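Just so it is clear: chains get the letters A, B, ... in the order the sequence lines come, proteins before strands, and each one is counted from 1. The shown structure was predicted, so the numbers you read here are calculated from the model rather than taken from an experiment.
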Amino acid sequence: MNKAIKFILNETLFSININPATTLLDFIRNVAGLKGTKEGCREGDCGACAVLIGKIENGSLNYKSINSCLFPIANAGNSHIVTIEGLNQVELNPIQKEFNEESATQCGFCTPGFINSLTSYIIENQHLTKKNAENSVAGNICRCTGYSSIKRAIENIVEHFNSLNSPQNDRIPWLVENGILPKYFLEIESRLQQISENKNEIEIKNTIKIAGGTDLFVQKHENLLENNVTFLSKLKLNFFDENEKLVEIGSGTTIEEFRNSDFISEFYPKLKEKLELFASPLIRNSATIGGNLVNASPIGDISIILLAMNAKIKIKQNEDFRIINLNEFFKSYKKVDLAENEIIYSIQIPKQEKPFLFNFEKVSKRIHLDIASVNTAIQITYENYSIKTCKISAGGIAPIPKFLSKTSDFLCGKNITIENIKLATEIAQTEISPISDIRGTENYKRLLLPQLIKSHFIELFPKIIDVRNLI
Amino acid sequence: MKNFDAINHIKGKSIYIDDFVLPQNALFASVFFSPIAHGKIISFNLEKAKSIDGVVAILSSKDIPGENQIGGIIQDEVLLAENEVHFIGESIFVVVAKSLEIARKSKKLIEIEFEELPAIINEREAFAKNSLLAPPVIFANGNIEEGFSESDFIIEGSFSSGGQEHLYLETQGAFSIPQEGERIKIISSTQNPSAVQKQASKVLGISMNKIEVEVLRLGGGFGGKEDQATPWAVISALAARITNSPVKLVLSRQEDLLVTGKRHPYSSDFKIGLNKDGKILAYEVTYFQNGGAVADLSTAVLERTLFHATNSYFIPNVKATGISCKTNLPPNTAFRGFGGPQGMFVIEFAIEQAANKIGIPKHEIQKKNLLKDGDELHYGQIVENSNSESCWQKAEIQFNIENQIREIKRFNSENQLYKKGFSFMPICFGISFTSTFLNQANSLIHIYHDGSVSISTAAVEMGQGVNAKIAIAAAKTFSINIERIRIETTNTSRNANTSPTAASSGADMNANATILAAKEILARLIESARTELNANPTDLIEIIDEIVFVNHEKTNLTWEKLIWRTYFNRINLSAHGFYATPNIHFDRKTNKGKPFAYHVYGTAFTIAKIDVLRGISKIESVQIVHDFGKSLNPEIDLGQVEGALVQGIGWVTMEELQYSENGKLLANSLSTYKIPDIYSSPDKTEVVFLDNSENRFGPLSSKAIGEPPFMYGIGAFFAIKNAIENAKQEKSKINSSPITNEKILLELYNERK
């Protein structure tokens, strides 16, 4: 018998016994009977099902937007789920008002999802920018408007909120006062505290292990309902630790937590923006680092990034741990070095001595919320335009996320010259084996990887590289 | 004035098919689709599938009480396959169960054996094997041989454009409820309630008056629910009839992508002849349309391709041949533009190739050949009120295009990593169903005795704002506050024999019918007011802003009072208006006539930027001068232009279906079939309304808006191609759409490797 899952949906406290693999979307629509949250694709690619999830973390209540179609209800425990019905007040709120003003809704099917994504952005950010506000709806697809009216509405919303004196902390009362959130939000924090439960130890068995669920739930929610599953979220593996030599990141850390971490700001400041190319905010808020690695997709963005960072992974089996290099983890297509009773516990990233440079490149059919045709990352330490160490990885060009060892070795100790870069791309060709698939032909991928390797150097050494010699 | 439903949409309160609260005895249907593209059904066994607890019935073609036929134009489409299957996704069985989960679980246990037959995927292959949906059609005028013999330049080539998934956010679905006796009510997400009614009547073997089709709204349609909403509605009705329970059938996104038809892929051969001055003298073109396994609307779509073969240009000698090829793909169908975009794309490509050969800019040829009043189009219609040149000229001036072109040249000379390109895309799109009989609409108005107004028409609201437009037309006719008006659901019991909401004509025809009905009631109200106010027969009586005026003088008689008094005096407060577009005709023997009430014109100027290193494109700006007539509602019309544009950009840049050799759609999910997101929309979209445009055929002088702006998106293809050429410093060989990132990079570097 499953333990009851407790959470607040809009204003109502639920304590229910339900198959924990039920998607939040199905619960909202079919059990709670709230029809404002829509099913558009069941694979996190349209955002019509977007809802807010509020959780108390480090003592404060934070909200983020997620795809409810990929979110197991097990992961909703102790949280506040907000659907469009929970945002509605008698009058349109300021976000809704602008959508109405600018006619940013036509058939209306996608609209509640847009409102939810924007609301989470406004709840969480004191200073708004048009760019970030638009990025907050990068996971929401509209087929009617062409987005022009939505962009106008967003611009007005940003202007409206920036003209108010928004506080950095204790934002909920301010948001209620300014009409963005209904009054009941004032009580949510204390109500959540009353239902909070402690971290659980779970037995890692021969089951399907679900972290964020953003991959396993894609089109497959019915299978998961019938199988034995384990929810890793109960282990609360979203932590950051560090010592002098390395940073240790819990495997349950979401991509967005990773992206916004102090670690990224300090060591990889440019990566924050590049990680906007990873899926959408709706997915980044659920998807975990560990999940992206275990998925072992040959084009997994996080795998490619961590390979270039020379990361190690710490694997847990009962109370025992083992640590291996990430590039030894990927064995063959979708096969990893992980026993059925093991999980990835954490990722260890060595702290690089500064100065070092890092870059990530990704090209896909659509720039955002798409899977790469080819992606690649590079980490370089250098002195006087000479490369000391180099780690370069690439995806989409082999059955596994590939650490390009020959290319990396070749570049070590070399001067940064056009000739060496070109030679590096030739060596890269010898260690890749792309195939033609829906993401592109073999020919294309063989052409694209060298272009992206060149892009690394143009991005990292704009002053030394004369682009005319590289294109 | 907004979309009528805007506030409910924004609050998530609007109801779509999947949102209806179901009766307790409701059942759920799930369809078992053919997994192969072509083959014979050798045997099947449903026992295991039936044994699952909660399965109520599994239906096959044998369970159909009437005729197993739902073909619209040509009777070649079965509802459920009998002995043979012709495409992946053809419906074979219908599992009806107590829950959707049970139905889907049961479906997996259906055992079936096929003898596979060779499948044809490509239209050229189909043509070579004489696999056609209908005989070829030729539209011609002038003398094509003479035209070429007078030409100084003759250019031949081929071009192909890809298909496109509609990707309405709400998938196909319907819900049927058995009523007393044989009657049945079908709630459907369809653009064409009368088609659902007719096909359900045929399949169920009962007369049309026993079937009520109700449409509340659509979560997007774009043509994808004109003909292809019908099977799901009819299947749910069949299941409801046989189980005698309400049955809901909603496709999952993956099912919808896999089994429904798309915009038709085309490949075409052309030959264009011009004189030294850049005047186009002759144009010969053959379109090979990939129709899919059954006709659906393919022949009508092809006809519209032929009508739009010359886009916005006058060409004296034309020979356009259309061939609808039968392949083993799901039947391709209506999609915004309805074959027009495919036709216009080829002439634009031909002009580009001609410009390359002659060595002059493409836009010089375009501009020189724009339509003028009095020009005779190749299907015999004489151009009237052409705004082809006025839109182009206004664009040149308003957007300071000469300057922008200079600026692009400067940018290109100063940048290595990025290159820009531009294009002009003029459009001319004919308004009216080309099947003349469909150009009819009716409207039923009731004024209740509290003064509120209810209007029912054939128009289906799918986000395009037709309800608001109809309400505006009625409010203006009555001179009352629009808040008094409610636009009802579209329902075959209130409006009979309706045409689909399609061909951009929904607002035109239904608002016109509404105006006729409103005028009829208004005439009665005026007489009622005359009596009420004891005015003379010669006095001028008007209603202005809900107040009755006599000889321009305000009276105390308000709308509400007048309505009550009219009711009290037993005068009819209801009317039924009927509109048939006047003076249109088309002879399919000669392929000549006046098929269109009027044309819509416009010009788009598009700037694209490519990243030369990574081979990715971005549409920087699209500036449009569009001929709206006198817009009934500028906000709604602007939304239609912006939305259609981005759909068009998606079609020519990133939306790529890809089928396997055995006919399976490869881009069968939203993770592989990419449509524009917020970043794909141009950085800048500017839409200018052409001044002083009148249109006596549109309601209150407005013009149709749904489809024409889609074709501005074609400009993105040519702008990107121009940017590639600016990067390569040579002409590009790309002759197929979409122009994906892959194609860009390969074009930039493949030969140089």
In the structure I gave you, are the side-chain heavy atoms of [X] and [Y] within less than 4.5 Å of one another anywhere?
X        : Y        : value
B:Glu642 : A:Thr145 : no
A:Glu226 : B:Lys105 : yes
B:Ser669 : A:Glu43  : yes
A:Phe109 : B:Arg217 : no
B:Glu635 : A:Glu102 : no
A:Ile458 : B:Leu417 : yes
A:Glu222 : B:Arg104 : yes
A:Leu452 : B:Arg614 : yes

If you compare all heavy atoms of B:Ser681 against all heavy atoms of A:Lys151, which two are closest, and at what distance to 0.1 Å? OG-NZ, 3.0 Å
Nearest heavy-atom pair of A:Ser148 and B:Thr685: which atoms, and what distance? OG-OG1, 3.6 Å
Are A:Arg143 and B:Glu655 close enough, and set up right, to give a salt bridge (charged side-chain N to carboxylate O under 4.0 Å, His left out), and what steps lead you there? CA-CA 13 Å; A:Arg143 189 56 151 168; B:Glu655 296 187 35; 2.8 Å; yes
Measure [X] against the heavy atoms of chain A and call it side chain, backbone, both or neither at under 4.5 Å.
X        : answer
B:Thr672 : both
B:Ile649 : neither
B:Met462 : backbone

Test A:Arg29 against B:Asp19 for side chain to side chain contact (heavy atoms under 4.5 Å, CB included), laying out the working first. CA-CA 8 Å; A:Arg29 287 183 58 86; B:Asp19 301 337; 2.7 Å; yes
The single option from A:Asn469, A:Leu470, A:Asp466, A:Val467 passing side chain to side chain contact (heavy atoms under 4.5 Å, CB included) against B:Gln416: A:Val467
Separation of A:Cys142 SG from B:Ile678 CD1 (nearest 0.5 Å): 9.5 Å
Is B:Asp18 salt-bridged to A:Lys38, going by a charged N under 4.0 Å from an acidic O? no
Using a 3.5 Å distance criterion without hydrogens, assess whether the side chain of A:His368 forms a donor-acceptor pair with backbone atoms of B:Tyr679. no
Provide the full list of salt bridge (charged side-chain N to carboxylate O under 4.0 Å, His left out) pairs with a residue in residues 666-677 of chain B, sequence neighbours left out, each pair given once. A:Asp45-B:Lys674, A:Arg366-B:Asp677, A:Asp370-B:Lys674
